[in-house]
Amino acid sequence: DLAGVFIGDVFEAWQAAADLSSQLHIQWCKQPFQRVLSRAPLMYDELWTAGKAMYKMEPAVAVGGEVIIYAPHLDIVSHVHGKYIYEVGYHILPYFLADWERYRDIPLGVLAHSTHVRGSGVMENGIERPNVRVTLASKIAPADCARLNLGYRDPSTINIADW
C-alpha cells in the first residue's frame with residue numbers, strides 16, 4: 001500500500017520520504033550485534049551480487065564483530081569479474097588507496113565491489129584493520145576464501161533455527 005506522497009522542492013520531498021522510509025523499513029536496534037548471519041537469496045548466484053548480504057548488514061554490526069554470508073548454493077565469486085577479484089581480494093578502501101599505483105589499472109567497479117563486501121576500516125602502520133570480519137559460508141573452498149581475504153565456514157554446520 002501507499003505509505004506517503006511528497007510534493008514540492010525535490011530535496012525537501014526526498015528528505016521527507018527518506019524519513020518516513022526509515023521509520024517503516026528499518027529496524028532500529030539499541031546496540032550493534034556481535035555476529036550476524038546474513039542469508040543470500042538463491043537469486044544471487046555469485047558473490048558479486050550476494051555481497052549485499054554483507055554491506056546491508058555492516059551498519060548493524062559492532063566494530064570487531066562478524067557478518068557470516070550464508071549462501072550454501074553459491075559456488076562462484078563472479079562469472080565476469082572473477083579474474084580481477086581473485087587478483088586483488090577483498091579489502092577496505094584505505095588498503096587500495098595506500099598503494100594506488102598497484103591497483104590503478106583494476107576496473108573501478110571491481111575495487112568498489114571489493115570494498116563493499118569487505119566493509120569499512122582503517123590502515124594503521126601499513127596494516128589493514130577492517131571493522132568487521134566477513135565469513136563466507138558457501139561452496140567456495142576454504143583456500144579460495146583465504147586467498148580472497150575472507151573467512152570460511154562450512155554452511156552445513158549452520159542451523160538457521162539457532163539464529
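For W28, the CH2 atom is loosely surrounded, since the number of other residues' heavy atoms within 6.0 Å does not exceed 12. The local environment of CG in D162 is crowded, with over 12 non-hydrogen atoms from other residues, nucleotides or ligands closer than 6.0 Å.
Residues P41 and R39 form no side-chain contact, since every pair of their non-hydrogen atoms from C-beta on lies 4.5 Å or further apart. Between I140 and L74 there is a side-chain heavy-atom pair separated by less than 4.5 Å. Side-chain contact between K139 and H73 is absent, with no heavy atoms from C-beta onward closer than 4.5 Å. You'll find the side chain of V77 stays beyond 4.5 Å of the side chain of W48, heavy atoms only. Considering only heavy atoms from C-beta on, L111 stays 4.5 Å or farther from H91 through its side chain. At least one side-chain heavy atom of V134 sits less than 4.5 Å from a side-chain heavy atom of I69. The shortest side-chain heavy-atom distance between Y86 and L148 falls under the 4.5 Å cut-off. Residues I85 and V110 meet the side-chain proximity criterion, which asks for heavy atoms closer than 4.5 Å.
No side-chain donor-acceptor contact under 3.5 Å links E128 to the backbone of M123. With hydrogens and angles disregarded, no donor-acceptor distance shorter than 3.5 Å links the side chain of E58 to the backbone of V132. No donor-acceptor pair under 3.5 Å is formed between the side chain of R153 and the backbone N or O of L136. Here the side chain of S38 pairs a donor or acceptor atom with the backbone of A53 at under 3.5 angstrom.
Criterion: ILVMFWY side-chain heavy atoms under 4.5 Å apart, direct or through other members. Under it, M54 and V61 are part of a common hydrophobic cluster. In the hydrophobic clustering of ILVMFWY residues, with side-chain heavy atoms under 4.5 Å counting as a link, V88 and L108 come out together. No path of Ile, Leu, Val, Met, Phe, Trp and Tyr side chains, each step under 4.5 Å between heavy atoms, connects I76 with Y152, placing them in separate hydrophobic clusters. Criterion: ILVMFWY side-chain heavy atoms under 4.5 Å apart, direct or through other members. Under it, L24 and W14 are not part of a common hydrophobic cluster.
No donor-acceptor contact under 3.5 angstrom links the side chains of S114 and R118, judged on distance only. When only modelled atom types and interatomic distance are considered, H113 and Y90 share a side-chain donor-acceptor pair under 3.5 Å. In this model, a donor atom of one side chain and an acceptor atom of the other lie less than 3.5 Å apart for D19 and Q15.
Listed by chain and number, the hydrophobic cluster partners of I68 are L37, Y70, I158, I160, W163, where partners are ILVMFWY side chains within reach of under 4.5 Å, directly or through others. Hydrophobic cluster of V122: no remaining members, since no ILVMFWY side chain lies below 4.5 Å from it. V80 shares a hydrophobic cluster with no other residue; no ILVMFWY side chain has heavy atoms under 4.5 Å from its own.
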* To do: Could you go through the side chain to side chain contact (heavy atoms under 4.5 Å, CB included) check for L20 and F6 one step at a time?
  => CA-CA 10 Å; L20 179 61; F6 302 93; 3.9 Å; yes
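Rounded to the nearest 0.5 Å, atoms NE2 (H116) and CD1 (I92) are 13.5 Å apart. One distance of note links NE2 of H81 with CG of L47; it measures 12.5 Å at 0.5 Å rounding.
Annotation for A50 and A40: closest pair CB-CB, 3.8 Å, computed over non-hydrogen atoms. Residues P155 and S138 share a closest heavy-atom pair of CD-O, 3.6 Å.
Ring geometry for Y103 against Y95 counts as tilted: the plane angle lies between 30° and 60°, on a 0 to 90° scale.
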